[in-house]
Amino acid sequence: MTIHAAQGREPYTLLAEEELQPASMAAQRIVAQLDRVLLGRHALHELVVIGLLARGHLLLEGLPGLGKTTLIRALGELLQLEFRRVQFTPDLMPGDILGAHILQPQGDGRRAMEFTPGPVFTNILLADEINRASPKTQSALLEVMQERAVTLMGCTRALPSPFFVLASQNPIELEGTYPLPEAQVDRFLMKLMTEDVGVVVLERIVAERHHGETPAPEWRATPGEVQGMLAAAARIAIPRAVARYIARLVHATHARAGAAELVRKYVQYGASPRGAIAVAEAARARALLCGRPAAGFEDVRAVAVPALQNRVLLNYSARLDGVTSTGIIQELVRQIDEAELVTPPGVEVER
Amino acid sequence: MHAREIEGCAARLRLRLWLAHAVHWWLGGVMMTSAGWAASVLVLRLGGRGAPVWAWVALCAGMALVGLAAGWGRRPGREACMAAIERASQGGGIVLAYADGGGGSAGWLARAGAARGPRVRWRVGRRVAGAVAAVLCVPAAYVVPLPGRAAAPASSAHANELIAKMEAEARVLEQAYGGATGLAQLVRQQLAELAQTGTGGVQRHTWEALDHVREQLDAAAQAGARAAVRAAEEWHALDYALQRMERAAQAGEPAGSAAQQQAREQLRAAAAQSMWSNELAGAGSALAGGGQLSAGQLAALRGQLNLFSNNVLRMAGNFSTNLLLRGGLTNLADVVQGRCSGGGEKGAARELERFLAKEPRGFERTGSAAGARACALAAVRGAQWSVSRGRGDAPLTFEEPSNEEGVARQLMALPEAQQRSLNDVVSLGESGHAPHETGTGEPVQGGALAAAQAGAGGAQEAGLLPRHRACVEEYFKE
C-alpha cells in the first residue's frame with residue numbers, strides 16, 4: 001500500500017511483513033546458534049551476521065585463543081555453505097589461493113594446461129592470520145574480494161555466490177608480518193575486534209567445554225533460507241534522512257576546514273565513499289536482523305564504528321596521544337545530529 | 001488516520017521551532033534596540049532633547065515581526081522534523097520511510113503512527129538575561145540625573161508656582177473679556193502648546209508658538225484698547241449728562257424746562273449708545289419714553305454708572321496687562337533668539353539662567369502673570385536652550401559666488417635653483433634603510449651602503465648605529 005509521495009520522490013513499497021518476518025527470524029536464529037557455540041559474544045555474533053547479510057567481507061582482529069577461527073567455522077557450518085580455510089604464511093603464493101594452470105596429460109596423449117581452482121572458489125573463505133602473507137599474496141585477494149572473480153591467464157572465472165572472506169589477524173605478533181594495504185583494508189565491510197570475555201563467561205567455558213570442543217549446532221539454515229535472507233536484506237529501505245546522516249558522518253571523518261577539532265588534529269585520511277556504502281549496507285542488514293523494513297538512525301549508530309574504524313587513518317600524533325579511530329568515530333557519532341535540526345541557543349529538542 | 005497524526009506531529013514540531021527561532025531573534029532585537037535606545041536617550045537628554053517612550057515600544061513590537069520573519073526562514077523542513085520524530089521515538093526508520101513516500105502494509109503505518117513528537121525544552125539563557133538587562137536600561141536612562149540638570153528641581157518648583165498664577169490670569173482674562181471668551185481660550189491653548197513644544201525640544205515649533213501667542217495678544221491688546229477708549233468716552237458722556245440732570249433737579253427747574261430737556265436728551269443719547277448694562281439700558285428706555293426721573297431713579301442710575309466705571313477701569317487694567325504680557329514675551333524671544341549677550345553660543349544657557357533669575361520677579365512686580373508663565377516655561381526647559389541654531393523658518397540667503405570659481409590657472413615655472421634634472425641623479429645602489437634628504441652639495445649616501453664605502457673590508461661590514469643597540473643587546477641576551 002503506497003501511502004503518499006513526498007515532494008520530488010517516487011513512492012516505493014516497503015518490504016511486507018510476511019516477507020520480512022521469515023528472513024528476520026532466520027537471521028536471529030543464526031545469531032542464537034552462534035551464541036550457543038561461542039559463549040559471551042552476542043554483539044560480535046550480531047555484527048558477523050550483519051556482515052554476511054550485507055554480503056560484505058569481515059576482518060576479525062584479536063589476540064590468539066579468543067575464538068575467531070571457531071566462530072567462522074561455526075558460521076560456515078550453520079549456513080551449510082562450502083567453507084575453506086587458508087592459513088596465511090609468508091611463503092604463501094597467489095597461486096596457492098587463486099588456483100593455477102597445470103600441465104595435464106590428455107586422453108589422446110597430448111598435454112594441455114588445465115586450471116586447478118584454488119581455495120577461493122568456495123562460499124566462505126577463512127583467511128587465517130592474513131597479515132602473515134606477503135603483500136603479493138595479499139594483493140591477490142583484491143580482485144577476489146571486490147569483483148568476486150578470479151582472472152588468470154586472461155580468463156576471468158566468477159566465484160560461487162554467496163562469497164564471503166572472513167579474515168583474521170593477530171595485532172601483537174608483528175615479527176614477520178605484513179600489514180594489510182589500505183586498499184585491501186578498505187574492501188572489508190567491517191573490522192571486528194574480538195575482545196576478552198569476563199569471568200562469568202570464562203567460568204562457563206571451563207565448566208561446559210571439555211577440551212575446548214564446541215557443541216554442534218541445533219539448527220542449520222538451508223540454502224533457500226540464506227538466499228531469502230540476502231534477498232530481503234537487499235530490499236531494506238534506506239530513507240533519505242538516514243542516507244544523509246551516513247553521508248554527513250563519513251564526510252566528518254575528513255580533516256578539512258570546518259571539521260571537528262579531534263578530526264583535524266589526529267586524522268590523516270578519512271573514510272572513502274566505499275565506507276559510506278559499507279555503513280549503509282550494514283545498517284540495512286541490522287534493520288533486517290531487528291525485523292524492520294527500513295534502516296534507522298540507531299542502525300547507523302550501531303554499525304558506524306565497525307564499518308568505519310578500518311577506514312579512518314590516523315597520524316602519528318594520534319599514536320603518541322593514544323587516540324584510536326574507534327574513539328574518534330564514537331565522538332563523531334555523539335556529536336553529529338541525526339535530524340540536522342538547527343535550534344537557537346537554549347532550546348533543545350528531545351533526542 | 002495514522003498518516004494525519006504523523007503529519008500533525010511534524011507540523012507542530014515545525015511550528016514550535018519556528019516560534020523558538022522567532023523568540024530568539026526577537027529577544028536579540030529587543031536587546032539591541034533597548035540598548036541602543038537607552039544610549040540614544042542619554043545622548044538626546046544631554047543635548048536637551050527628549051525621546052518618546054512609545055517609539056521604543058513600537059520598535060520592540062516591530063522586532064517581533066522581524067523575529068517571526070527570521071524564524072520563518074530558519075524553521076526546519078518537514079523531513080528534518082520527521083527525522084526528529086524518528087529519533088525521539090526510536091521508530092527504526094519507518095517514520096522516515098513514510099516521510100520519503102514509502103508505503104507498505106498497514107502494520108508498518110500503524111507502527112509509524114505510534115511515534116510521538118519530541119519535546120522542545122526551553123531554558124532561560126544568556127539572551128533572555130541580556131534582553132531583560134537591556135530593557136531595564138531604558139527606564140534607567142529616562143530617570144538618571146544628568147549633570148547639566150542639577151538645578152532643575154528648584155526652577156521647577158518656582159515654575160509650578162508661576163504656572164498656577166498664570167492659570168489664575170487666564171481666568172481673569174476670561175472674565176474680563178466677556179464677549180471674547182474664545183480669545184482667552186485661544187491664548188490658553190496656545191500657551192499650553194507652547195509648554196508642550198518647548199519641553200518637546202522642537203525649537204522651531206517653540207518659535208512659531210511664541211509668535212502666534214504674541215500676535216494673539218497684540219490683537220487682544222488693540223481690541224481692549226479700543227473698547228477701553230470707547231467705554232471711557234461713554235462714561236464721560238453719561239457722567240456729564242447725569243451731572244447736568246442732577247444740577248437741574250437741584251435747581252428746581254421744571255421737568256419740561258429747556259435745561260432739563262437738554263440734559264435728558266443728552267443722557268438718553270449716551271444710554272442708547274451704551275449697552276454695557278441692562279439697567280442702564282432700562283434707564284435709557286425710560287428716558288426715551290419721556291418720563292420724569294425721580295431722585296431714587298437718579299441714585300440707582302448713579303450706582304450703575306459707578307459699576308460701569310469700575311468695568312472700564314478693569315478693562316483698562318487688562319489692556320495694560322496685555323501690553324506687559326506682550327512685552328514679556330518679546331523679551332523672552334529676544335533672549336532666546338540670541339539678541340542678548342551670549343545668545344546662540346555656548347554661554348547662552350548661563351546668560352538665560354541669569355536673565356530668568358532676575359526677570360521673573362520683574363514680571364511679577366508688573367503684575368503680568370502671563371510673562372511669568374513664559375519665564376516659567378523657559379525655566380522648566382532649563383539648560384535645553386544651551387545652543388540655539390536659529391529659527392527654523394529663517395530665510396536662506398545666497399551670497400555672491402566665489403571669486404575663484406572658473407578662474408583659469410596659470411602655469412608658473414620654478415626658479416632654476418629649485419630644479420633638479422633626472423640626469424643629475426646617479427644610482428649608487430640599494431639600501432634597506434629609510435631614505436633621508438641630503439643637504440645641498442652633500443654626497444648621497446646612506447645606511448649600509450655608506451658603511452660599505454667607508455670600510456675597506458667590503459660590503460659585509462655594516463655599521464651599527466645607536467638605534468640598533470637595543471636589538472643587538474636583545475640578540476645576545478637570548
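Quick caveat, the model's predicted, so the values are computed rather than measured. Protein chains get the first letters and strands the later ones, always in sequence-line order, with residue 1 at the start of each.
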**Prompt:** Of all of B/Arg121, B/Met82, B/Arg127, which one pairs up most often with chain A through heavy atoms under 4.5 Å apart?
**Reply:** B/Arg121
**Message:** Could you report the tightest heavy-atom contact between A/Ala339 and B/Ala84, atom names first, then the distance?
**Reply:** CB-N, 3.6 Å
**More than 12 heavy atoms of other groups within 6.0 Å of A/His251 NE2** = no
**Item:** Toward chain B, the part of A/Arg286 with a non-hydrogen atom under 4.5 Å
**Value:** neither
**Asked** Would you find more than 12 non-hydrogen atoms of other residues, nucleotides or ligands less than 6.0 Å from B/Trp56 atom CH2?
**Response** yes
**Message:** At a 4.5 Å cut-off on heavy atoms, which part of A/Ala295 comes close to chain B: side chain, backbone, both, or neither?
**Reply:** backbone
**Fill in**
Distance col, row B/Arg87:CZ vs A/Glu298:CD, nearest 0.5 angstrom, shows 12.0 Å
**Item:** Winner by heavy-atom pair count (cut-off under 4.5 Å) against chain B, out of A/Ala241, A/Cys290, A/Ala294, A/Pro344
**Value:** A/Pro344
**Message:** Counting only heavy atoms from other residues, nucleotides and ligands, does the tally under 6.0 Å from CZ of A/Arg244 exceed 12?
**Reply:** no
**Prompt:** If you draw a 6.0 Å radius around CH2 in B/Trp26, do more than 12 non-hydrogen atoms from other residues or ligands fall strictly inside?
**Reply:** no
